[in-house]
Amino acid sequence: MTRELSKTYDPSGVEPRLYAWWEQRGFFHAEPDGREPFCIVIPLPNVTGSLHVGHALDHSIQDALIRWQRMRGANAMWQPGTDHAGIATQNVVERQLAAEGLSRHDVGREAFLERVWAWREQSGGLILRQMRRLGASCDWAREAFTLDEPRSRAVREVFCSLYEQGLVYRGNRIINWCPRCRTALSDIEVDHADEAGELAYLRYPGSDGGPGVVVATTRVETMLGDTAVAIHPDDERWAPLVGTSVSLPLMERQIPVVADDAVDPAFGTGAVKVTPAHDPNDYDIAQRHGLDVVDVMTDGATISANGGAYEGLERFEARRRIKDDLAALGLLVRVEPRTHPVGHCSRCGTVVEPRLSDQWFVKVGPLAEAAAGAVRDGRTRFVPERNAKGFLDWLEHLHDWCISRQIWWGHRIPAWYDDDGGVHVLRVDPTSEEVAARGLRRDPDVLDTWFSSALWPFSTLGWPDDTPELRTWYPTSVLVTGYDINTFWVSRMLMMGLHFMDDVPFETVLNHGLVRDRHGKKMSKSFGNVIDPLELIDRYGADALRFALLRASVPGLDVPLAEEWVEGGRRFANKLWNAARFVLLKLGDVTPAAGLPPADTLQLEDRWVLSRLAATRAAVDEALAAYDLSRAARALYHFVWDEYCDWYLELAKLREDRAARQVLAHVLDVAVRLLHPIAPFVTEEIWRALTVADDDTSLMRSAWPALGSGHPDPDAEAQMQALQEAVTELRRFRADHALAPSDRIDVVAVADEASRAVLAAGVDGISRLAGVGQWTFAAGSPQQEAVGKLVVSGAELFVPLSGLVDLEQECDRLRRELERARAELGRARGKLANPGFVAKAPQQVVQAERDKTVGWQATIDKLTAQLDELGC
RNA sequence: GGGCUCGUAGCUCAGUGGGAGAGCGCUCGCCUCACACGCGAGAGGUCACAGGUUCAAAACCUGUCGAGCCCACCA
């Protein structure tokens with residue numbers, strides 16, 4: 001390992017080499033052992049997807065946590081894998097077929113599935129390869145796929161168990177139907193959006209020739225399937241009609257008028273048409289009153305044979321026709337514009353049709369109750385905590401989960417039917433002889449994708465077998481995901497985990513936000529504001545992207561991202577790199593292994609930087625423990641750049657002693673370790689040079705800096721602050737007078753005893769950083785006529801105005817200072833003038849204000865005197 | 001309809017009871033022997049608005065306005 005580094009950091013040369021080395025050395029792999037476990041299962045990406053910035057954020061957080069825990073000594077395992085993504089993947093392959101003019105039915109089930117598998121072979125796992133570019137330290141040997149054999153076994157076991165326990169059932173119920181995908185959907189696969197529509201008032205004449213009733217509807221075409229009209233039992237307007245019947249126009253059907261509590265008398269006319277086959281409320285009403293159920297829609301959302309003359313019409317065309325026909329009959333009373341929520345298939349956007357259908361369901365009541373209990377009593381907690389509230393509300397209002405899908409790509413439901421209508425749910429596939437002998441037909445449907453992903457935290461660890469992995473890593477530690485899939489996925493994992501493992505699947509749910517563009521806008525192809533993470537990695541490096549994402553990721557809030565922020569990440573990596581170059585130049589044969597020098601050989605800046613390092617280390621630990629990656633990133637950025645580089649390295653340039661070398665090496669070592677979870681590549685490369693590491697030694701395997709063994713040193717911090725103040729004031733003086741860097745200024749310092757000692761010790765440093773030529777101490781102000789005066793705490797610094805500077809500018813400068821001091825004094829006095837403040841505020845707060853008054857008054861006096869002396 | 005989040009410097013955001021912060025952008029000066037992916041110095045803010053609590057509010061409470069998100073089987 002060479003200790004020489006190139007002038008600028010080149011991520012493209014470093015990252016692939018280090019990643020390949022890490023992976024080949026097996027540094028990502030974990031085996032069950034006795035150490036404290038730490039486990040994250042990846043929010044499984046779609047098998048055919050590619051990496052977008054949302055993944056990059058999600059994975060950066062997880063990798064940071066895993067790397068941190070691994071360094072802490074935990075047995076950290078990051079479980080990777082992919083999801084077969086039923087409808088989404090099937091749709092992609094169906095589109096490919098469509099391009100050839102074929103439908104899936106043309107090729108048949110077997111051939112179609114072969115084609116999906118082939119496509120999965122070809123494009124599957126791309127995202128996992130791309131994750132490596134980001135530096136993701138997944139345990140690749142454990143890669144899983146929701147449709148592989150071990151996971152399929154878990155799915156069958158879960159389905160059959162739930163069926164036996166009565167928690168999975170087959171039922172004829174109203175479900176959401178996508179007429180384009182031609183499958184049932186669960187409630188959460190339907191996106192609701194308010195759309196402009198119409199509320200049409202229809203008259204159904206009385207069977208007795210009377211006026212009948214007027215009903216209101218936004219879906220006129222469903223009237224073909226009406227089997228009743230319902231009114232509220234207390235609604236006096238319509239009371240006389242209850243028990244009579246009305247005539248359903250166009251269908252010439254006589255339908256009863258019933259009274260039901262579910263009707264809202266305030267809506268429309270107070271009378272509601274009842275279409276049991278196409279509306280869940282209506283279905284319930286039909287159940288209560290024993291009404292007929294007439295399905296007037298086909299799988300493709302055209303009107304079925306039950307729709308009489310309208311058979312074959314597309315549903316919206318039918319809506320228009322029926323409205324026209326009713327109008328012609330004088331039965332369309334009126335039409336009002338109305339915006340109302342319309343459900344769309346979350347996969348293809350088609351308007352969803354509520355429809356009565358035979359499907360499989362999970363009875364979620366008991367499962368949801370258990371999940372809610374686990375969240376309520378904190379066995380699983382949310383970060384940020386507030387997200388638990390919405391989650392619990394949602395759990396409370398859950399309907400049973402429709403899990404069967406009329407598609408082919410997925411886990412086939414292990415149910416068979418015999419000729420007598422009997423259902424056989426079987427763990428093991430019956431042989432062909434049995435099938436023939438018993439006349440069994442297999443259920444053609446597959447399971448909702450989320451059914452298999454619900455098992456992910458334990459199916460990946462070997463369940464239903466009792467494996468060492470399961471015993472070690474279940475429950476997993478933290479689930480890192482966007483708040484947008486808490487309902488889809490987190491809820492289901494909680495339910496299944498609690499039910500089958502008798503324990504929560506994860507202790508913490510860390511919700512991050514969505515990645516947005518620089519103006520907080522959602523990224524979308526149509527806006528043209530989509531950022532490609534791989535391109536950013538190419539241009540700026542993975543560390544830069546990770547840093548930009550993590551620095552912006554406050555738990556629960558969205559993350560804005562723009563190229564400049566990533567550029568900032570690259571600059572930081574380069575800054576660190578160059579700090580390391582400098583340190584290595586200074587170091588000679590010293591390495592961090594030398595440890596810290598004896599306390600009595602430490603200079604002020606040594607003690608200061610060690611104190612700041614200790615504070616940073618504590619802040620990073622605290623932030624990471626709270627899953628606040630942003631705070632950790634900001635603390636490290638500030639320490640490395642503003643403290644270590646801007647002050648310590650500058651002061652170290654004056655030093656040649658061994659103590660300085662040891663401190664330089666130690667601080668860089670610790671800083672690089674603390675930063676490794678966030679920026680793994682540049683830190684590894686630096687660390688290997690710094691420690692002269694061999695091929696078996698990686699920063700990944702080094703120890704996390706211990707908390708509590710720091711060097712807090714308030715005295716050093718206070719003294720250093722005084723030196724920094726002197727330097728800053730002198731620099732400001734130079735800037736105000738536009739002095740060239742080569743111009744030295746002389747300083748005569750008048751200081752009280754304590755300040756004099758501090759300044760005297762720091763003269764070399766101050767001089768270097770502020771371009772001071774000659775520094776002397778004096779008992780009183782110098783006799784020269786024209787001097788500049790800088791007031792710092794505990795001292796006055798006089799600078800002879802030896803032709804270098806303009807007297808007028810100096811007067812301006814002093815007046816600005818005076819103005820500032822007066823403002824501060826006014827503020828402090830104002831507070832003290834308030835009797836309530838003096839009486840009720842804590843003593844030290846009041847005293848601090850009194851001290852300020854005295855200090856600012858002294859400053860004002862000095863500045864006023866100086867203005868006088870210069871004749872301003 | 002219910003719920004949540006946000007409104008702080010030109011932009012994007014931290015800050016959560018005691019003197020307004022960062023990154024980027026902007027201005028001025030510097031290739032100072034780690035770094036021009038840099039160094040130094042600056043300009044820039046009635047902390048959305050109105051009340052209230054408090055000795056003290058950007059922060060806590062109430063309301064208003066504005067932006068966004070989630071949930072929802074009012075036909």
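Below, chain A is the first sequence line, B the second, and so on; all start at residue 1.
Classification of E353(A) and R219(A) as a salt-bridged pair holds, one side-chain N sitting under 4.0 Å from a carboxylate O.
Residues meeting the side chain to side chain contact (heavy atoms under 4.5 Å, CB included) test with H638(A), sequence neighbours left out: D642(A), E643(A). Scanning for side chain to side chain contact (heavy atoms under 4.5 Å, CB included) contacts around D261(A) gives H232(A), P233(A), with sequence neighbours left out.
In this structure, K575(A) reaches the C39(B) phosphate: one of its side-chain N or O atoms is under 4.0 Å from OP1 or OP2. For R732(A) and G42(B), the shortest distance from a side-chain N or O to OP1 or OP2 is below 4.0 Å.
Side-chain contact of E189(A) with S186(A): a donor-acceptor pair under 3.5 Å is present, judged by distance alone.
Remark: R173(A) is positioned above the aromatic ring of F361(A), its terminal NZ or CZ atom under 6.0 angstrom from the ring centre and at most 45 degrees off the axis.
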Quick test: give all pairs of protein nitrogen or oxygen and nucleotides 23-29 of chain B nitrogen or oxygen below 3.5 Å, distance rounded to 0.1 Å.
{"unit_1": "G23(B)", "atom_1": "O2'", "unit_2": "R551(A)", "atom_2": "NH2", "d": "3.4"}
{"unit_1": "C24(B)", "atom_1": "OP1", "unit_2": "R571(A)", "atom_2": "NH1", "d": "2.9"}

Protein N or O to nucleotides 55-57 of chain B N or O, pairs below 3.5 Å:
{"unit_1": "C55(B)", "atom_1": "OP1", "unit_2": "K840(A)", "atom_2": "NZ", "d": "2.3"}
{"unit_1": "C55(B)", "atom_1": "O4'", "unit_2": "G836(A)", "atom_2": "O", "d": "3.3"}
{"unit_1": "C55(B)", "atom_1": "O2'", "unit_2": "N834(A)", "atom_2": "ND2", "d": "2.5"}

Under 3.5 Å between N/O atoms: give me all the protein pairs with nucleotides 70-75 of chain B, atom names plus distance.
{"unit_1": "C73(B)", "atom_1": "OP2", "unit_2": "H192(A)", "atom_2": "NE2", "d": "3.3"}
{"unit_1": "C73(B)", "atom_1": "O2", "unit_2": "N281(A)", "atom_2": "OD1", "d": "2.5"}
{"unit_1": "C73(B)", "atom_1": "O2", "unit_2": "N281(A)", "atom_2": "ND2", "d": "2.8"}
{"unit_1": "C73(B)", "atom_1": "N4", "unit_2": "H399(A)", "atom_2": "NE2", "d": "2.2"}
{"unit_1": "C74(B)", "atom_1": "O2", "unit_2": "D264(A)", "atom_2": "OD2", "d": "3.0"}
{"unit_1": "A75(B)", "atom_1": "O2'", "unit_2": "A216(A)", "atom_2": "O", "d": "3.4"}
{"unit_1": "A75(B)", "atom_1": "N6", "unit_2": "D264(A)", "atom_2": "O", "d": "2.6"}
{"unit_1": "A75(B)", "atom_1": "N1", "unit_2": "D264(A)", "atom_2": "N", "d": "3.2"}

Fill in the blank from the handout: Each base of RNA chain B marked ( ) or [ ] if paired in-strand (Watson-Crick or G-U under 3.5 Å), | if paired to another strand and . if unpaired gives ((((((((.[[[[.)..(..]]]].(((((.......))))).....[[[[[..)....]]]]])))))))....

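Under the 30°/60° scheme for interplanar angles, the aromatic rings of F572(A) and W641(A) are found to lie parallel.
Residue contacts shown for P354(A) are absent, as no nucleic acid heavy atom lies under 4.0 Å away.
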